[in-house]
Amino acid sequence: MSHPHPELSAPPELPANGLRVIPLGGLGEVGRNMTVFEYDGRLLIVDCGVLFPDDHQPGVDLILPDFAAIRDRLDAVEALVLTHGHEDHIGATPYLLRERQDIPLVGSELTLALVNSKLREHRLRQTPFYTVKEGDRISFGPFDLEFVAVNHSIPDALAVAIRTGAGLVLHTGDFKMDQLPLDGRITDLRAFARLGEEGVDLFLTDSTNAEVPGFTTAERKITPVLEQAFAESDQRIIVACFASHVHRVQQVLDAAVKHNRKVAYVGRSMVRNMAIARDLGYLKVPPGVMVEAKELADLAPERQVLISTGSQGEPLSALARIAQRNHNFVHLEEGDTVVLASSLIPGNENAVYRVINGLARLGARVVHKGNALVHVSGHASAGELLYCYNIVRPRNVLPVHGEVRHMLANGDLARQTGVENVVYAEDGVVVDLVDGVAKVVGKVECGYVFVDGQSVGDVTESELKDRRILGEEGFVSVIVVVDSVAGKVSAGPEIHARGHAWADSDFEAIKQPIVDAVNRALDEGSTDTYQLQQVVRRTIGRWVSNTHKRRPMIIPVVVEA
Ligand SMILES: [Zn+2]
Ligand SMILES: [Zn+2]
């Protein structure tokens, strides 16, 4: 990726008493959130999440923040604060800990339980955990941290106030301001106000929904819609939602009890996360409602509810496999109801509609965000953000967590409330807070780090470009044998193509021009096979482009005999 700010150079030395903010992910995209704070030579990290790849990154499993900027200074890291348990905030933690295992992790009970199950999968066992809750204050080196309850689409989310000699920073994490949340735990605006009175020097705020006017709809409004879907169904119901959305699962469990149905989870992450949420008391499972997925199949269809992963159309998820009729034991029947109780993350549209079409083709009634209120966002809309700015009255604002358009909209809201200094930054852009003023001072190296199977960071943007060309344009291989003594082509070219409706005979017309071009290059003194291969590549490349209007990957092989 080319850096969006070519005009910036490396940041200058951080002045004494200055606080440096280095975003390594999440500013410019929704995903892989990670922000580094530096004070007096010490570092504090807030969040370490993943980004899921889209159609432009074929074969990539995950995208991580780029740790390059701090890799040589991991010893200076005092702690990693995790604001909540969503993948875009905790998912890259094992990859960071692989580089230094004893970085202290700080977060709420549920957040740390969710991250701990990941660490165990990665066989990481030496990481110290500091469990905190709202109101707690704890110091790591020069960073004095205070935690504030925030309401979000996962329980136990926290905002963090960071006090250093440079002033007071408030980072909201992901939040919204549902005033009647299902668990009664609201965003603590009284704490926001108290911090505002003390004087917030830099306010980092969630930009995700800054373009959405008004207020995010309350979670409670979904209950009657779910109830209705249950009331109207006389067959099996499948509800797909995020594997971390404890409150949504709670709503489904409650509806199931009311309608005399039993529930089973399908999908590994759903089973694992809901066990954690139940054990810690965040999910209240009514007695007798849960059964194993295989037992559920023995019940009458009108008594079955499945809660499944795959609401984003992930191709290997339970729901996608059900839609393709290749799930081990869930076979959809005509008349079944499928509820997609989740948002549509930008970039996933095609995959989600593919799944919806697959389900509809099998005769299911599909209830989704497009035709019923079965999901509300987890993020504050413009109205809520305005309240926050008016309550906190920050000196400087740095919009975070969003694409560029979201961050610009968020900054605009801050300005409307009278915030004088709004600083815009993207991944890698360094912001210093010095003498109460925040400003962009430079940039650090910050690219995409791709995880592909077991490899981390080995796949580069140029290999992805090759994959895209292979996927979209196919490839053509050309083999030419050269007699190096006689100085001319002695056999070939042999041409094979894949990925297009080409017969090998389609290439007859270009064979002689390739021979001529190679012979000419040999006459002119080229003997290096690499140079001759470039001659072959150019000759056939131009021809394929002109005659077939395609740009396949061309693999020329020149062999000396
Ligand atoms: Zn979140
Ligand atoms: Zn997030």
Side-chain angles (χ1 to χ4, degrees), residues 23-35 45-54 62-65 80-93 107-115 118 134 147-160 171-178 181-183 185-187 204-212 216 219 241-249 269 273 276-277 282 309 311-312 341-348 375-381 384-385 388 398-407 409-410 426-427:
L24 296 182
L27 275 67
E29 67 237 329
V30 176
R32 60 166 201 157
N33 296 284
M34 178 170 181
T35 307
I45 304 173
V46 174
D47 290 332
C48 190
V50 292
L51 172 68
F52 293 99
D54 63 23
L62 292 172
I63 303 170
L64 307 180
L80 165 57
V81 173
L82 300 169
T83 57
H84 64 285
H86 278 154
E87 288 296 319
D88 60 320
H89 296 259
I90 66 169
T93 304
S108 69
E109 183 185 44
L110 180 63
T111 306
L112 291 186
L114 291 170
V115 85
K118 277 179 196 301
E134 48 268 39
F147 296 90
V148 179
V150 288
N151 169 245
H152 184 40
S153 44
I154 186 169
D156 226 8
L158 293 169
V160 58
H171 190 317
T172 63
D174 291 6
F175 83 112
K176 60 175 172 177
M177 283 166 39
D178 193 338
L182 294 165
D183 63 358
R185 184 176 178 272
I186 57 173
T187 292
L204 286 76
T205 45
D206 176 359
S207 307
T208 318
N209 273 355
E211 288 185 312
V212 180
T216 301
E219 294 280 341
C241 68
F242 284 117
S244 57
H245 208 320
V246 176
H247 293 149
R248 191 75 75 252
V249 170
S269 53
N273 290 353
I276 292 170
Y282 294 95
T309 53
S311 62
Q312 295 303 308
S342 60
S343 62
L344 193 45
I345 294 178
N348 296 346
H375 178 73
V376 297
S377 171
H379 300 272
S381 298
E384 287 145 273
L385 292 168
C388 274
L398 174 61
V400 298
H401 202 284
E403 297 174 6
V404 172
R405 62 194 168 101
H406 303 133
M407 296 191 293
N410 193 4
E426 288 181 68
D427 297 343

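Atoms within each ligand, like the ligands themselves, are counted from 1 in listed order.
- The closest side-chain donor-acceptor pair between Asp88 and His401 falls under 3.5 angstrom.
- A donor-acceptor contact closer than 3.5 angstrom is absent between the side chains of Thr172 and Thr205.
- Applying the side chain to side chain contact (heavy atoms under 4.5 Å, CB included) rule to Tyr282 yields the partners Glu109, Leu110, Pro155, Asp156, Val246, Ala277, Leu280; only residues at least two apart in sequence or on another chain are considered.
- Using cut-offs of 30° and 60° on the angle between ring planes, the pair His89 and His86 is tilted.
- When atom types are taken as modelled, the side chain of Glu384 and the backbone of Met177 share a donor-acceptor pair closer than 3.5 angstrom.
- Counting only protein N, O or S atoms, 4 lie closer than 2.8 Å to the Zn ion (ligand 1).
- Between the side chains of Asp47 and Thr83, at least one donor N or O lies within less than 3.5 Å of an accepting N or O.
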